[in-house]
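Let me begin by presenting the structure, written as structure tokens, before commenting on it.
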Amino acid sequence: MRATVSCDDPGPIVLTGKSYSVIRFGSEPDDWPGYGATACPDCAVAPGGIHHFGCDIEQCPRCREQFITCDCVESDAS
């Protein structure tokens, strides 16, 4: 996960039938884990970069919760 500076931009993500842009590191609210850091504490991406797949810090663009634990992707698959 830490081998590259940023993941490639996946383009819009479709969740529950609606398109969303990924939330880049450093664009999260100031109470989000890692806010203000020079790199993501989990995947080491720099501010403005795209979190690596499976990053614990990435925020869901739909529900604004932790992306890897939210139900947005699962509810979209049904």
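Because the structure is predicted, anything quoted here is derived from the model rather than measured.
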Checklist outcome for this item: CD1 of Ile13 to SG of Cys72, rounded to nearest 0.5 Å, is 10.5 Å

Checklist entry - Side chains of Ile23 and Arg64: does their closest heavy-atom pair fall under 4.5 Å? => result yes

Checklist entry - Should Tyr20 and Cys60 count as side-chain neighbours, where that means a heavy-atom distance under 4.5 Å? => result no

Checklist entry - So how far is it from Leu15 CG to Arg62 CZ, rounded to the nearest 0.5 Å? => result 7.0 Å

Checklist entry - Mind checking what makes side-chain hydrogen bond (donor to acceptor under 3.5 Å, both in side chains) contact with Thr69, not counting sequence neighbours? => result Gln66

Next on the checklist: For the CZ atom of Phe25 and the SG atom of Cys43, what is their distance to the nearest 0.5 Å?
Outcome noted: 8.0 Å

Next on the checklist: Please check this pair: side chain of Asp42 against backbone of Asp56, looking for a donor-acceptor N/O pair closer than 3.5 Å.
Outcome noted: yes

Checklist entry - Are the side chain of Trp32 and the backbone of Ile57 linked by a donor-acceptor contact shorter than 3.5 Å? => result yes

Item to check | Minimum side-chain heavy-atom gap Cys40-Cys55 below 4.5 Å | outcome: yes

Checklist entry - If you take all heavy atoms of Tyr35 and Pro29, which pair is closest and at what distance? => result CD1-O, 3.5 Å

Next on the checklist: Looking at Glu58 and His51, would you say the former's side chain and the latter's main chain have a donor-acceptor pair under 3.5 Å?
Outcome noted: no

